[in-house]
Amino acid sequence: MSAPFTVSDAVAQALAENRPVVALESTIISHGLPRPRNLEAAKEFEQILTDMGVTPATIAVLDGVPQIGLDDEGVRRIAEEEMAKASVRDLPILMARAGNGATTVASTAYLAAKAGIRVFSTGGLGGVHRGASETFDESADLSSLAVSPITVVSAGVKSVLDIAATLERLETLSVPVIGYRTSTFPSFWLRESEFPLDWRVESAEEIARVMRSQDAIGHGQGIAVANPLPVDQQWEPAEHDRIVAEALAAADAQGIHGKAVTPFLLGYIVDASGGTSLEVNLDIARNNVRLGGEIAIAWSALTNA
Ligand code: PSU
Ligand code: MN
């Protein structure tokens with residue numbers, strides 16, 4: 001059977017020549033950022049990589065076909081059309097009915113790894129939701145990382161989630177969590193959470209060596225690289241705490257549940273912060289795209305040596 005996805009010429013060529021490639025997700029564009037900033041952001045993330053000599057591979061399901069690497073029209077569609085939020089389990093359904101879907105971290109990591117891409121940059125990971133001991137609401141981002149050999153660069157998880165439980169689940173799933181120039185797990189808008197990390201690295205080259213060792217032991221998980229934003233770029237902590245609490249209360253009061261929870265909270269927080277959280281969100285994503293580019297470059301150098 002042929003591959004259940006298409007790979008753009010640019011991405012296929014880069015992979016064939018072992019040149020650096022970084023995967024990018026589309027749910028952050030379709031459901032995580034408001035229009036029209038989302039289209040600007042999608043283009044900017046790709047441009048940051050292109051300027052570094054790295055090939056971007058934005059991933060989405062369009063007309064039933066998972067696509068690894070979008071053309072300009074594909075990027076426009078994920079930003080402007082209504083799309084299903086597509087986790088791994090939604091892929092076969094969208095494929096069978098020729099539907100459109102914006103891929104989450106879970107499905108982007110899964111598809112990118114299948115295509116042979118080794119690095120993926122995003123904003124924040126999904127994780128264990130607060131109250132999960134009753135709702136069982138845990139993002140498939142975690143279980144997908146357990147079966148997708150790809151390095152995912154994020155700024156940790158948002159404090160709307162249960163960060164402690166998320167870190168516990170990553171431990172159970174045997175997904176390495178590595179702080180990039182930090183010994184503390186970041187909480188997305190804030191540089192630090194209260195949770196220390198066991199492992200810290202100082203360079204992209206060091207991460208590439210961990211990837212090579214991970215391949216050598218053959219366990220097949222992804223690697224979570226936590227990349228905190230510089231302290232002068234973080235959201236003001238008191239305002240952050242107040243608005244996050246408000247957003248959680250609103251989701252509860254409105255009975256939001258299931259896959260609508262994350263988009264609801266993100267949208268609420270952008271509105272309630274008068275856009276401040278959005279600017280920080282974009283800084284975070286840009287930082288992660290840059291670090292992903294550096295890791296992909298280091299990976300190519302290491303594996304071409
Ligand atoms: N966290 C963010 N921004 C996002 C998301 C999470 O800070 O855009 C998106 C990602 O696509 C992630 C998904 O994979 O939400 C997780 O959704 P859920 O919690 O329903 O699994
Ligand atoms: Mn969920």
Side-chain angles (χ1 to χ4, degrees), residues 23-35 37-38 41-42 45 58-61 78-79 83-91 101-112 120-146 148 150 152-163 165-166 169-170 185-190 193 222 224 226-229 234-235 240 243-244 247-248 251 256-270 273 277-289:
L24 300 168
E25 59 151 319
S26 43
T27 291
I28 186 177
I29 303 303
S30 67
H31 294 74
L33 296 169
R35 296 175 195 165
R37 294 298 294 282
N38 64 342
F45 300 157
T58 304
I59 296 182
V61 183
I78 58 170
M83 301 238 155
K85 177 177 161 186
S87 190
V88 178
R89 70 171 188 163
D90 305 300
L91 295 175
T103 51
T104 62
V105 170
S107 50
T108 304
Y110 184 79
L111 290 166
F120 165 24
S121 290
T122 185
L125 287 183
V128 180
H129 285 258
R130 298 191 192 198
S133 59
E134 282 178 16
T135 62
F136 282 78
D137 191 351
E138 173 183 332
S139 177
D141 291 359
L142 303 183
S143 48
S144 180
L145 267 180
S148 306
I150 191 163
V152 182
V153 182
S154 77
V157 301
K158 293 200 164 84
S159 41
V160 295
L161 300 178
D162 185 334
I163 299 178
T166 301
R169 289 292 293 146
L170 287 166
F185 195 62
S187 64
F188 195 75
W189 288 296
L190 302 182
S193 69
N227 183 33
L229 81 181
Q234 75 173 356
W235 194 3
H240 162 274
I243 290 177
V244 164
L248 287 165
I256 310 291
H257 62 268
K259 70 201 253 186
V261 171
T262 300
F264 175 88
L265 293 172
L266 299 184
Y268 186 100
I269 290 168
V270 169
S273 72
S277 72
L278 173 61
E279 299 311 319
V280 181
N281 195 337
L282 289 168
D283 282 337
I284 287 167
R286 290 182 192 108
N287 284 346
N288 293 344
V289 169

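Order of listing sets the numbers, starting from 1, for every ligand and every atom in it.
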At what distance is the nearest protein heavy atom to atom 4 (C) of ligand 1, and which residue and atom is it? L266 CD1, 3.6 Å
How long is the straight-line distance from CG of L33 back to CG of N38, given to the nearest 0.5 Å? 6.5 Å
Do the side chain of D90 and the main chain of S87 share a donor and acceptor less than 3.5 angstrom apart? yes
Looking only at side chains, do D141 and S139 share a donor and an acceptor under 3.5 Å apart? yes
So do the side chains of S159 and F188 get within less than 4.5 Å of each other, counting heavy atoms only? no
So which bit of H31 gets within less than 4.0 Å of ligand 1, heavy atoms only: side chain, backbone, both or neither? neither
Note, R37 side chain near L278 side chain (heavy atom, < 4.5 Å): yes
Can you name the N, O or S atom of D137 that is closest to the Mn ion (ligand 2)? OD1
T103 and T108: side-chain donor and acceptor closer than 3.5 Å? yes
For T104, the atoms of ligand 1 under 4.0 Å from one of its heavy atoms are 11 (O), 14 (O)
Taking the minimum heavy-atom distance to atom 11 (O) of ligand 1, which of E25, K85, E138 ranks first? E25
OH of Y110: more than 12 outside heavy atoms within 6.0 angstrom? no
Show me which atoms of ligand 1 lie under 4.0 Å from any heavy atom of F188. 7 (O)
S139 N/O to ligand 1 N/O under 3.5 Å: yes
With heavy atoms and a 4.0 Å threshold, my read on which part of D141 contacts ligand 1 is side chain
Nearest 0.5 Å, what's the OH-OG distance between Y268 and S277? 12.0 Å
Of all the non-hydrogen atoms in the protein, which one sits nearest to atom 6 (C) of ligand 1, and at what distance? G124 O, 3.7 Å
Identity and separation of the nearest protein heavy atom to atom 2 (C) of ligand 1: K158 NZ, 2.9 Å
For ligand 1, does T262 get within less than 4.0 Å through its side chain, its backbone, both, or neither, judged by non-hydrogen atoms? side chain
What atoms in ligand 1 come closer than 4.0 Å to a heavy atom of H129? 19 (O)
In terms of atom number and element, which parts of ligand 1 are under 4.0 angstrom from non-hydrogen atoms of I28? 8 (O)
Test of proximity, V105 against ligand 1: N or O pairs below 3.5 Å: yes
Distance to 0.1 Å, residue and atom name: give those for the protein heavy atom nearest to atom 9 (C) of ligand 1. T27 CG2, 4.0 Å
Beyond-backbone contact of F120 with I59, side-chain heavy atoms, under 4.5 angstrom: no
Interatomic distance, T27 atom OG1 to K259 atom NZ [nearest 0.5 angstrom]: 8.5 Å
